[in-house]
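As structure tokens, the structure follows; a few thoughts come after it.
Bear in mind the structure is a predicted one, so any value in this text is a computation, not a measurement. Note: hydrogens, waters and symmetry copies are ignored here, and every other heavy atom, side chains too, is used. Residue numbers begin at 1 in each chain, while the letters A, B, ... track the order of the sequences.
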2 protein chains.
Amino acid sequence: MNKMHKEHNLTKNQKIIFDLIDKSPQPLKAYSILYNVQKKGIKAPLQVYRALDKLVEIGKIHKIESRNAFIACHNSSCQVAKATAFSICEICEKVTEISSTGLSKYLANFKDKDGMKYSKYNLEFFGLCKKCTLK
Amino acid sequence: MNKMHKEHNLTKNQKIIFDLIDKSPQPLKAYSILYNVQKKGIKAPLQVYRALDKLVEIGKIHKIESRNAFIACHNSSCQVAKATAFSICEICEKVTEISSTGLSKYLANFKDKDGMKYSKYNLEFFGLCKKCTLK
DNA sequence: TTTTTAGTTGTTATAATATAACACTATGTA
DNA sequence: TACATAGTGTTATATTATAACAACTAAAAA
Ligand SMILES: [Zn+2]
Ligand SMILES: [Zn+2]
Ligand SMILES: [Zn+2]
Ligand SMILES: [Zn+2]
């Protein structure tokens with residue numbers, strides 16, 4: 001009955017969940033997403049995880065593996081989630097997606113001892129953000 | 001009553017769990033570790049997680065975040081777990097710790113746009129291992 | 001149009017991963 | 001001794017994620 005949302009062909013559940021993540025200043029966890037969308041009719045964990053899986057697959061969001069949390073992609077160059085880098089503040093847990101041409105070129109071309117190249121990577125930096133450094 | 005194990009001052013539980021991980025050719029998950037050490041008197045998840053936490057902290061093992069699994073460190077240069085890189089085969093799930101001076105220097109000196117430097121990082125590369133490429 | 005196909009949905013139940021809280025034990029230091 | 005720090009054993013519980021199945025939707029093929 002409902003048309004898919006025009007932008008990126010997201011379905012209704014995908015759109016609801018993407019919008020929530022996109023508006024959030026920090027990464028959101030799956031069950032916190034669930035609590036926040038129950039009023040919109042999304043009642044079960046699976047409905048959330050299915051949307052998250054799809055959104056990750058198409059590169060609209062990324063999973064912060066060390067936090068089991070999800071953040072919207074704001075880096076037009078990684079619309080397919082295969083080369084991601086983040087900085088994570090160990091005090092306030094602020095997460096920022098890093099988009100550095102130098103870094104992504106370096107990693108995309110990295111070969112190990114066997115000359116093996118990789119199709120994908122995820123890099124997480126940890127430290128203190130500007131704000132937390134000044135405290 | 002028991003003296004701590006001389007090597008690295010591991011306690012009894014830490015030693016049992018480290019030995020198991022160290023002997024394993026692939027990363028082990030916490031509950032698979034639990035099943036494998038029950039005959040040695042370790043009965044509860046917490047006993048495993050506590051040992052794992054400590055072993056990670058002192059750099060004897062690393063956590064593969066994207067797999068929730070643990071691997072022994074075989075890289076003498078990262079005995080404190082603050083700069084880790086792994087290659088992960090997406091078919092056979094083989095994981096190898098990467099020790100590349102070039103890579104670690106590049107990442108240790110990486111500064112983002114704000115000039116922020118990081119105290120720690122974890123990098124996971126994904127692709128096909130040699131064996132799986134040939135199939 | 002009808003049929004088929006792939007994908008998404010809603011639902012209940014359950015699996016897998018990880019931590020809280022508390023009483024106790026061992027060890028090193030003063 | 002007294003005290004501090006770290007590890008242990010235990011029960012219970014929290015958090016994260018998937019299995020299985022029936023129904024529905026959208027889009028493409030016939
Ligand atoms: Zn991105
Ligand atoms: Zn901060
Ligand atoms: Zn290591
Ligand atoms: Zn392989």
Step by step, would you call E90(A) with K120(B) a salt bridge (charged side-chain N to carboxylate O under 4.0 Å, His left out)? CA-CA 10 Å; E90(A) 290 185 297; K120(B) 232 166 105 178; 3.4 Å; yes
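In this structure the side chain of K105(A) never reaches within 4.5 angstrom of the side chain of S100(A), judged on heavy atoms. A heavy-atom distance below 4.5 Å is found between the side chains of F110(B) and I98(A). Contact of the F125(B) side chain with the N122(A) side chain is not registered, since no non-hydrogen atoms from C-beta on lie closer than 4.5 Å.
Rounded to an integer number of Å, the gap from Q14(B) CD to dA26(C) C1' is 13 Å. Distance L28(A) CG to dT16(D) P: 12 Å, rounded to the nearest Å. When the P atom of dG10(C) is taken as reference, atom CD of Q38(A) falls 13 Å away, rounded to whole Å. The CD atom of Q47(A) sits 8 Å away from the C1' atom of dT11(C) (whole-angstrom rounding). One can place NZ of K15(B) at 14 Å from P of dT8(D), the figure rounded to the nearest angstrom. Rounded to a whole Å, the NZ atom of K12(A) is 11 Å from the C1' atom of dT8(C). When the P atom of dT15(D) is taken as reference, atom CD of E65(A) falls 20 Å away, rounded to whole Å. Put simply, CD1 on I64(A) is 15 Å from P on dT16(D), counting in whole angstrom units.
The shortest distance between the side-chain N/O atoms of T11(B) and the OP1/OP2 oxygens of dA6(D) is not below 4.0 Å. Phosphate contact (OP1/OP2 of dA26(D), side-chain N/O of N9(A), threshold under 4.0 Å): absent.
Side-chain atoms of N36(A) and Q38(A) form no donor-acceptor pair, as typed in the model, at a separation below 3.5 Å. Of the N and O atoms on the side chains of H74(A) and E97(A), not one donor lies less than 3.5 Å from an acceptor on the other residue. For E65(B) and S66(A), the side-chain atoms include no donor-acceptor pair closer than 3.5 Å.
Taking for each of R50(B) and A51(A) the nucleotide of DNA chain C with the nearest heavy atom, the 5'-most of the two is the partner of A51(A).
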Show the distances under 3.5 angstrom between N or O atoms of the protein and N or O atoms of nucleotides 13-19 of chain C.
from	atom 1	to	atom 2	distance (Å)
dT17(C)	OP1	K29(B)	NZ	2.3
dA18(C)	OP1	K63(B)	NZ	2.7
dA18(C)	OP2	Y49(B)	OH	3.1
dA18(C)	N7	Y31(B)	OH	2.8
dA18(C)	N6	Y31(B)	OH	3.2

